[in-house]
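Shown next, in structure tokens, is the structure this report addresses.
Owing to the predicted nature of the structure, the values given are computational and were not obtained by experimental measurement.
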Amino acid sequence: MRYWLMKSEPSDVSIDDLAALPAQTVAWYGIRNYQARNFMRDQMRVGDKVLFYHSSCAEPGIAGLAEVSRLAYPDETQFDQANKYFDPKATRETPRWFNVDVRLVKKTRLMPLKEIRAAPVLASMRILQKGNRLSITPVDPREYEFIVSQL
DNA sequence: GCCAACGTTGGC
DNA sequence: GCCAACGTTGGC
């Protein structure tokens, strides 16, 4: 089993939005970065643990725990001309983008980015590295356990 | 809104 | 295959 940190803009899908969705589950649509896509398509398995992270907002940080509830499948938004994630180069026969489903495990207190940054155990997390923009990153089991212990 | 960092695109 | 230009991310 693997551990991940997945960023979501709360103005798009917040932890409360996730809690309000049917089955508290969301398709992680709209990923248009190959490295992040490959993590979902090639490495994520049902049951993998997810840190749900709020980004691009007033209080960035970890907002809850979630898990992968469905293996990667083609991202519907790439086929929808009206969608901002539409990709003219993608076809049903050869989809380019994939997403998993993510289900809420529980909403937690918000663990702010500042607090993550202040913890020596977490110093090597991808999210803290300069210039990191990847919206999906692997998390070390030790890092995951530490974070859960702080929530 | 600013801006550093990075990924992607496309002309050559 | 190089690399300049451009677009995006995301904290501040």
With a 4.0 Å heavy-atom cut-off, tell me which residues in residues 79-98 of chain A come close to DNA chain C, sorted by residue number. none
By side-chain hydrogen bond (donor to acceptor under 3.5 Å, both in side chains), which residues pair with A/Asn38, not counting sequence neighbours? A/Arg41
Same cluster for A/Met1 and A/Ile136 if Ile/Leu/Val/Met/Phe/Trp/Tyr side chains link at under 4.5 Å? no
If you look only at pairs with a residue in residues 132-151 of chain A, which of them pass as a side chain to side chain donor-acceptor pair (under 3.5 Å), with sequence neighbours excluded? A/Ser124-A/Glu143
Filter on ring-ring contact (aromatic ring centres under 6.0 Å, His included), then keep only pairs touching residues 6-35 of chain A, sequence neighbours left out; what's left? A/Trp28-A/Phe52, A/Tyr34-A/Trp97
Which is it for A/His54 and A/Ser14 under the side-chain contact (heavy atoms from CB on, under 4.5 Å) test, yes or no, and what are the steps along the way? CA-CA 7 Å; A/His54 281 173; A/Ser14 71; 3.9 Å; yes
Scan residues 99-108 of chain A for pairs that pass side chain to side chain donor-acceptor pair (under 3.5 Å), counting only residues two or more places apart or in two chains. A/Asp16-A/Lys107, A/Glu67-A/Arg103, A/Tyr73-A/Asn99, A/Tyr73-A/Asp101
Quick one: list whatever passes side chain to side chain contact (heavy atoms under 4.5 Å, CB included) with A/Leu128, sequence neighbours left out. A/Leu113, A/Ile116, A/Arg117, A/Met125
Could you pull out all residues at least two apart from A/Glu59 that satisfy side chain to side chain contact (heavy atoms under 4.5 Å, CB included)? A/Leu110
Enter the distance from A/Thr25:OG1 to A/Arg70:CZ here, rounded to the nearest 0.5 Å. 11.0 Å
With a 4.0 Å heavy-atom cut-off, tell me which residues in residues 114-133 of chain A come close to DNA chain B, sorted by residue number. A/Lys130, A/Gly131, A/Arg133
In short, salt bridge (charged side-chain N to carboxylate O under 4.0 Å, His left out) pairs touching residues 73-83 of chain A with sequence neighbours left out are A/Arg32-A/Asp75, A/Glu76-A/Arg92
For A/Lys89, what residues pass the side chain to side chain contact (heavy atoms under 4.5 Å, CB included) criterion, not counting sequence neighbours? A/Asp87, A/Arg96
Name every residue in residues 56-65 of chain A that has at least one heavy atom under 4.0 Å from any atom of DNA chain C, in order of residue number, or write none if there are no such residues. A/Ser56, A/Pro60
Run the side-chain contact (heavy atoms from CB on, under 4.5 Å) test on A/Arg45 and A/Val68 for me, step by step, so that the C-alpha distance in whole Å, both residues' side-chain angles and the decisive distance to 0.1 Å come before the verdict. CA-CA 7 Å; A/Arg45 296 296 174 259; A/Val68 175; over 6 Å; no
Hey, where on DNA chain C does chain A first and last touch, going 5' to 3'? Cut-off is any atom under 4.0 Å from a heavy atom. C/dG7 to C/dC12
